[in-house]
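Okay, structure first, notes after.
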Amino acid sequence: MAEGPGHPSGARFPSARGVMLRHPWAPTLLSSGPTTPTGLYAYYDAIVATLVDAGFSHRIAHRALHAFGSLALGFTQEVFRPGAADASADVAEAELAAMAQALPHLTAMMVAEAHDAADPTLGWCDSQVEFEFTLDPLLDGLERLRAVTGCAG
C-alpha cells in the first residue's frame, strides 16, 4: 500500500480497518446514526493535524476529509445495497437476466466483481482490494499536490 510515514495519514487508516475487520458490525453502527459519535471528533482532529503538519491548508484538509469519506474509519461505505437475498434461485436468475438485458454494462461489472465468500468484507462490496484501490490514489494525489505547490493551499 502506498500509505506509510511519508503519507499524510501514516498508518491511521489501515489501523482503523483492522478494528473494523475485528468488529464487522461496527461500520453499520457508525453509518446508521444521524450524527457523528462524539468520540470520533478527536480522531478527525488528529487527521486534520497530520494533514496540516504535512503542509496542507485547512481548506485542503477539509476537502481531503470529504474525499476520504469512510476510508478514514477503515471501511468503504456503499450508498446502495443489493436486493433481498431471500428470493428463490429461479426468481434471482430471472431478475439477473432482466437486469442484464436492461443494464448490460452494470450487470457485467457486478458479475465480474462478485466477491469471493472467503474474502473478509465489511459490507456487500467492501474488500481490502476496494479499500486500497480507493485510498492509494487519494493519498498519492495529495502527495503530488504537496510536491507541486510546496504548500498545498
Side-chain angles (χ1 to χ4, degrees), residues 1-4 6-41 43-48 50-51 56 59-148 152:
M1 199 171 186
E3 188 170 27
H7 272 294
S9 71
R12 187 171 279 120
F13 296 0
S15 294
R17 181 147 181 91
V19 170
M20 293 298 163
L21 290 171
R22 287 190 302 278
H23 307 285
W25 48 266
T28 301
L29 180 67
L30 284 172
S31 62
S32 66
T35 61
T36 304
T38 306
L40 285 180
Y41 288 118
Y43 178 72
Y44 280 104
D45 185 70
I47 294 169
V48 172
T50 300
L51 289 164
F56 295 99
R59 173 177 281 176
I60 296 299
H62 175 246
R63 291 189 175 120
L65 284 181
H66 280 287
F68 291 142
S70 64
L71 295 171
L73 299 173
F75 63 98
T76 57
Q77 185 175 30
E78 291 295 323
V79 175
F80 304 108
R81 306 263 184 253
D86 59 353
S88 71
D90 290 338
V91 170
E93 189 173 320
E95 288 176 351
L96 183 60
M99 185 174 164
Q101 183 69 29
L103 308 165
H105 300 288
L106 185 61
T107 304
M109 179 196 69
M110 290 172 58
V111 169
E113 287 298 310
H115 295 293
D116 183 356
D119 184 29
T121 60
L122 298 170
W124 78 275
C125 193
D126 177 299
S127 69
Q128 191 64 30
V129 171
E130 307 287 346
F131 183 80
E132 292 176 9
F133 180 86
T134 307
L135 183 59
D136 285 347
L138 288 171
L139 294 174
D140 291 345
L142 283 169
E143 188 63 37
R144 278 192 308 277
L145 179 62
R146 182 172 62 173
V148 168

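When reading the values below, keep in mind they use all heavy atoms of this one structure, side chains included, and skip hydrogens, waters and symmetry mates.
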Practice problem: Would you confirm whether Tyr43, through its side chain, and Ala72, through its main-chain N or O, come within 3.5 Å as a donor-acceptor pair? | Solution: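 Looks like yes, one N/O pair under 3.5 Å.
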
Separation of [Y] [atom2] from [X] [atom1] (nearest 0.5 Å):
X: Leu30; Y: Thr36; atom1: CG; atom2: OG1; answer: 9.5 Å
X: Leu139; Y: Arg144; atom1: CG; atom2: CZ; answer: 11.0 Å
X: Arg12; Y: Thr50; atom1: CZ; atom2: OG1; answer: 4.0 Å
X: His62; Y: Leu51; atom1: NE2; atom2: CG; answer: 12.5 Å
X: Arg63; Y: Leu145; atom1: CZ; atom2: CG; answer: 10.5 Å
X: Phe13; Y: Phe75; atom1: CZ; atom2: CZ; answer: 12.5 Å

Exercise. Just do the side chain to side chain contact (heavy atoms under 4.5 Å, CB included) check on Ile60 and Leu142 with the steps written out, would you?
Key: CA-CA 9 Å; Ile60 296 299; Leu142 283 169; 4.0 Å; yes

Quiz item: Taking only residues at least two apart or on different chains, which pairs with a member in residues 18-27 satisfy side-chain hydrogen bond (donor to acceptor under 3.5 Å, both in side chains)?
Solution: none

Exercise. Carefully, step by step, assess Leu73 and Phe68 under the rule side chain to side chain contact (heavy atoms under 4.5 Å, CB included).
Key: CA-CA 9 Å; Leu73 299 173; Phe68 291 142; over 6 Å; no

Quiz prompt | Closest contact, heavy atoms only, Leu138 versus Ala67 | solution = CD1-O, 3.5 Å

Quiz item: Should the pair Arg17 and Phe131 be classed as cation-pi, given the thresholds of under 6.0 Å to the six-membered ring centre and 45° from the axis?
Solution: yes

